[in-house]
2 protein chains.
Amino acid sequence: METTVVDETLQHVRDLLEVNDVAGAIRLIETLRPADQAEIFDELPEDQQGELFTQLETEDAADILEKLDDEGAAELAARIDADVLAQIVDEMETDEAADLLGDLDPSLSTATLSQLSEPDEIRPLLLHPDETAGGLMTSEYLAFPQSMTVQRVIAALRQWSPKGSETPYLFVVDRDDRIVGVATPLQVIRAEPTQTLASIMDPEVVTVRADADQETTARLMARYDLGAVPVVDEEGRLVGIITSDDLVDVLEGAATEDIQRIAATEPLDRPYLDTSVTRAAWKRLGWLLLLFVTGTLTGTVMRLFENQLDQVITLAVFIPLLIGTGGNAGAQTTATIIRALSVGEIDLGDFVRVLWHEMRTALLLAVLLSLVAFARALFWEDSLEIALVVSGSIFAIVVWANTVGALLPLLAEKLHIDPALVSGPLMSTLVDATGLLIYFSIARLILAI
Amino acid sequence: METTVVDETLQHVRDLLEVNDVAGAIRLIETLRPADQAEIFDELPEDQQGELFTQLETEDAADILEKLDDEGAAELAARIDADVLAQIVDEMETDEAADLLGDLDPSLSTATLSQLSEPDEIRPLLLHPDETAGGLMTSEYLAFPQSMTVQRVIAALRQWSPKGSETPYLFVVDRDDRIVGVATPLQVIRAEPTQTLASIMDPEVVTVRADADQETTARLMARYDLGAVPVVDEEGRLVGIITSDDLVDVLEGAATEDIQRIAATEPLDRPYLDTSVTRAAWKRLGWLLLLFVTGTLTGTVMRLFENQLDQVITLAVFIPLLIGTGGNAGAQTTATIIRALSVGEIDLGDFVRVLWHEMRTALLLAVLLSLVAFARALFWEDSLEIALVVSGSIFAIVVWANTVGALLPLLAEKLHIDPALVSGPLMSTLVDATGLLIYFSIARLILAI
């Protein structure tokens, strides 16, 4: 629904630019919400982006830079003079401004920073790595001393006008800036003017350290339904807050990474259509090559048994089926466990329980599938021996694939490697090669070849 | 970090229950946050859950039911008498209460509903399907007429004490309950007492229809950074609001479903360790069987070429490698496109652009991989013909796999089928069988067999 409106507006904008009505295009864009403005911008060719951008109201330009993906924003900003850019950055939310400056060429970044009206709001934010809580936080928040009366808090709130969205919380600090409580604007409204913040605040505040991992932080916010979380330094002093818009971005980004890694491609850092073909190919090539090389393992196994294959060529017929079933069973397990680890449904403490759970699931599936395989093979080749070989192999391969599929992500987690990074591709290669080994060994035994 | 605290407390609770100190266990549990209380409960055996649950403070019991997964909450509630349950449900947030009542046995649900203190808060919520915006909404929200003065709004706010977390917005409605604006508590604080809401509100409000899909709703909230979104009926009248905790649940649930479906397993409706072995096996069996049956397609292709295989047994050696590479290349594309569709980076309007993008990526990858394959095959078999067959097949299979991998999710989207549901498994089966067909056809041509 919303996308249609954007698509239509985009067409109008294009028509207007066609006849050089830049002012008209800008008026049209300015009627939209920031996210939609950014989407339109993203679809325009680079030269038109630059032309339009410098003629927008400063506030709209700031909104668009906030909403574009990081690289897109940096590319657009790089085409503007530092003094104009500084005026726009001045209007941006401080966390977004810091992200942008961090992505710019150092010389442009320094030049822009020096011309900001309040560079000290941004500077401390630049010190934190992108993937930490500190890298997400904004320096625009409300913090008041616990001894402050509601009356004075209200007077202070009347002066406050943030650039970003309003935070739903007021944080309460002691003399050393350490956080001691949290209150909401509604609590302030309900309190008597002479009450102190200490008397109305909730003293139980969830905080995160600035160096905490951003995904851990997002999961914490989601777990406790926090609309914002305060970030503290080593001494427990309040240094910023993380708002809920970052929460969604981080969790969605993490899920996208998991999905791409499970399918053996390096995560794209940008939206799909903004990723160039060479870059997309590059992100996939590494794993394809690695899997190709390890995949030759299966070839090696085949060569070991070329003699047996030559004797009973029928054995070859079942190879894709056996490998496929092993790969499918393993992928089911691996993906399920990776996701359960990601969302925190299981952790390393559940190692044994998970393995036990998977083994029983595997046995059940293996029995059922081997029965089906037996019937299918018998019907196909009309040979009891071949049917026994195939169904025995299916049984062993399914149990083995589920075990490997469960063990790999758990081991990766134990070794502090992203389970999604190694387990998907590794699992299928391992199960392919060992599956063949199982198959031919069983064939040798039963067919006596 | 947080999990460790929960694990430790769980151990203490177990120790206390061991020596029958139920009161001590309850005191300990009550020191925790609701999400942690629910996790502890979830880990306890059913009989202990029941024993503890009825002795908790009503408010804590309500919190735990809110935080347990839907089925776990329903199971726990089913073990309590309707009159006690009604008292607990009275303390729950209305959206969670409606979800719970909807999951209960109809007779218990009706009995509980009739004993609630305010059943009319819940009843309308029960009418909406779970997966719609109406199914997510709560009836606890703030809505005031646009003519109301700030002074009177403040007086009303002082009376309001919701069961759930406070909403960050005040919605403004006209005489027919149609939404005309939105304001925040901070705006109210900043305004003069005699101003009307109409004069301070933001008239641009994003709303959703009660019958809108829940994932579409969540993406809308994420796109426009909404802390809550008002839900309206066909006539545009305000009927409820959706808060941001639902946003995260819906998006995380959608990502989990995508991941599980890409790996060809039906989504588990419950957390991993709460899913029984038979249920887990059942969720996987359908796809495994279907893939097994369609996988016999590859066997059929092999049998077509058994003659050729018998002549050049070396051809068999490369089968797993070729199938594997095709499957990997296809999976990369499919997963990337499914995710891009899910998060709205692309839609059906981009059909041609996506296909063109994938074709070029595929060509680039195919050239590189076929060169590597040529070298590898030459080194392995020392036969120029075989090397040509293998590298030619890799080229064709990679291009084909990427095309199928891009087309399937787009076609599924066009047919209004969940792209994740069909594309992953279908893609690999299709690419396996057709890949073999490509391989043997090329072999026949080059080796003249």
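The model shown is predicted, which means the values in this text are computed figures rather than measured ones. Labels below follow one simple rule: chain letters A, B, ... track the order of the sequence lines, proteins then strands, and each chain is numbered from 1. In what follows, every heavy atom counts, from backbone to side chain, and hydrogens, waters and symmetry copies are set aside.
Between chain A and the residues B/Val372, B/Asp432, B/Asn402, the largest count of heavy-atom pairs under 4.5 Å involves B/Val372. For the set B/Ala335, B/Ala340, B/Pro271, the entry with the most heavy-atom pairs within less than 4.5 Å of chain A is B/Pro271. For the set B/Thr256, B/Asn328, B/Leu247, B/Ile323, the entry with the most heavy-atom pairs within less than 4.5 Å of chain A is B/Thr256. Each of B/Asp274, B/Thr296, B/Val188, B/Leu251 has some count of heavy-atom pairs under 4.5 Å with chain A, and the biggest count is that of B/Thr296.
Heavy atoms closer than 4.5 Å to chain B are found nowhere in A/Arg279, neither backbone nor side chain. At a 4.5 Å heavy-atom cutoff, A/Leu226 makes no contact with chain B through either its backbone or its side chain. For chain A, no part of B/Thr216 is nearby; none of its heavy atoms comes within less than 4.5 Å. For A/Asp249, no part sits under 4.5 Å from any heavy atom of chain B, backbone or side chain. Using a 4.5 Å cut-off between heavy atoms, B/Thr333 contacts chain A through both its backbone and its side chain. At a 4.5 Å heavy-atom cutoff, the contact between B/Arg360 and chain A is made by backbone and side-chain atoms alike. When heavy atoms are compared at a cutoff of 4.5 Å, B/Leu364 approaches chain A solely by way of its side chain, counted from C-beta outward. B/Gln260 touches chain A through its side chain: at least one heavy atom from C-beta onward sits under 4.5 Å away, while N, CA, C and O do not. For A/Ile189, the parts lying near chain B are the backbone and the side chain together; criterion is any non-hydrogen pair under 4.5 Å. In this structure, the portions of B/Leu157 lying under 4.5 Å from any heavy atom of chain A include both its backbone and its side chain. Of the atoms belonging to A/Thr278, heavy atoms from both backbone and side chain fall under 4.5 Å from chain B. Proximity to chain A (any heavy atom under 4.5 Å) is shown, for B/Asp42, by neither the backbone nor the side chain. Within the 4.5 angstrom heavy-atom criterion, only side-chain atoms of B/Ile319, from C-beta onward, approach chain A. Looking at A/Leu436, the atoms closer than 4.5 Å to chain B (heavy atoms on both sides) all sit in the side chain, from C-beta outward. Residue B/Trp282: no heavy atom, backbone or side chain, is found under 4.5 Å from chain A. Within the 4.5 angstrom heavy-atom criterion, atoms from both the backbone and the side chain of B/Thr361 approach chain A. Residue contact with chain A, scored on non-hydrogen atoms closer than 4.5 Å, involves the backbone of B/Ala191 exclusively. The contact between B/Ile154 and chain A is made by backbone and side chain atoms together, counting heavy-atom distances below 4.5 Å. Heavy-atom distances place both the backbone and the side chain of A/Leu285 under 4.5 Å from chain B. Residue A/Leu297: no heavy atom, backbone or side chain, is found under 4.5 Å from chain B.
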Start with the C-alpha gap between A/Phe318 and B/Met302, add the side-chain angles, then the distance that decides, and say whether side chain to side chain contact (heavy atoms under 4.5 Å, CB included) holds. CA-CA 9 Å; A/Phe318 293 96; B/Met302 296 276 282; over 6 Å; no

Apply the test side chain to side chain contact (heavy atoms under 4.5 Å, CB included) to residues B/Asp7 and A/Asp347: give CA-CA distance (whole Å), side-chain angles for both, the deciding distance (0.1 Å), then the verdict. CA-CA 11 Å; B/Asp7 286 345; A/Asp347 56 36; 4.2 Å; yes

Could you walk me through whether B/Met221 and A/Val248 satisfy the side chain to side chain contact (heavy atoms under 4.5 Å, CB included) test, starting with their C-alpha distance in whole Å, then the side-chain angles of each, then the deciding distance to 0.1 Å, before giving a yes or no? CA-CA 10 Å; B/Met221 292 176 74; A/Val248 172; over 6 Å; no

Are A/Ile259 and B/Asp258 close enough, and set up right, to give a side chain to side chain contact (heavy atoms under 4.5 Å, CB included), and what steps lead you there? CA-CA 8 Å; A/Ile259 287 176; B/Asp258 273 1; 4.1 Å; yes

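Across B/Leu309 and A/Ala316, no two heavy atoms sit closer than the pair CD1-CB, 4.0 Å. Residues A/Thr275 and B/His357 approach most closely at O-NE2, 2.7 Å, considering heavy atoms. Closest non-hydrogen pair, A/Ala281 versus B/Leu365, comes out as O-CD2, 3.4 Å. Nearest heavy-atom pair across B/Ala255 and A/Arg339 is CB-NH2, 3.6 Å. Minimum heavy-atom separation, B/Ala263 to A/Ala331: CB-O, 3.5 Å. The heavy-atom pair separating B/Trp380 from A/Gly299 by the smallest distance is CH2-CA, 3.4 Å.
Counting only heavy atoms from C-beta outward, the side chains of A/Tyr272 and B/Val354 approach each other to under 4.5 Å. Side-chain contact check for B/Asp36 versus A/Arg223: some heavy-atom pair is nearer than 4.5 Å. Side-chain atoms of A/Leu289 and B/Leu369, non-hydrogen and from C-beta on, do get closer than 4.5 Å to each other.
Contact check on B/Arg158 versus A/Glu192 returns a salt bridge, with a Lys/Arg side-chain nitrogen under 4.0 Å from an Asp/Glu carboxylate oxygen. Looking at A/Glu345 and B/Arg270, no side-chain N of the basic residue comes within less than 4.0 Å of a carboxylate O on the acidic one, giving no salt bridge. Between A/Lys67 and B/Asp225 there is a salt bridge, since a side-chain N of the basic residue sits under 4.0 Å from a carboxylate O of the acidic one. B/Arg284 has a carboxylate O that lies under 4.0 Å from a charged side-chain N of A/Glu358, or vice versa, which qualifies the two as a salt bridge.
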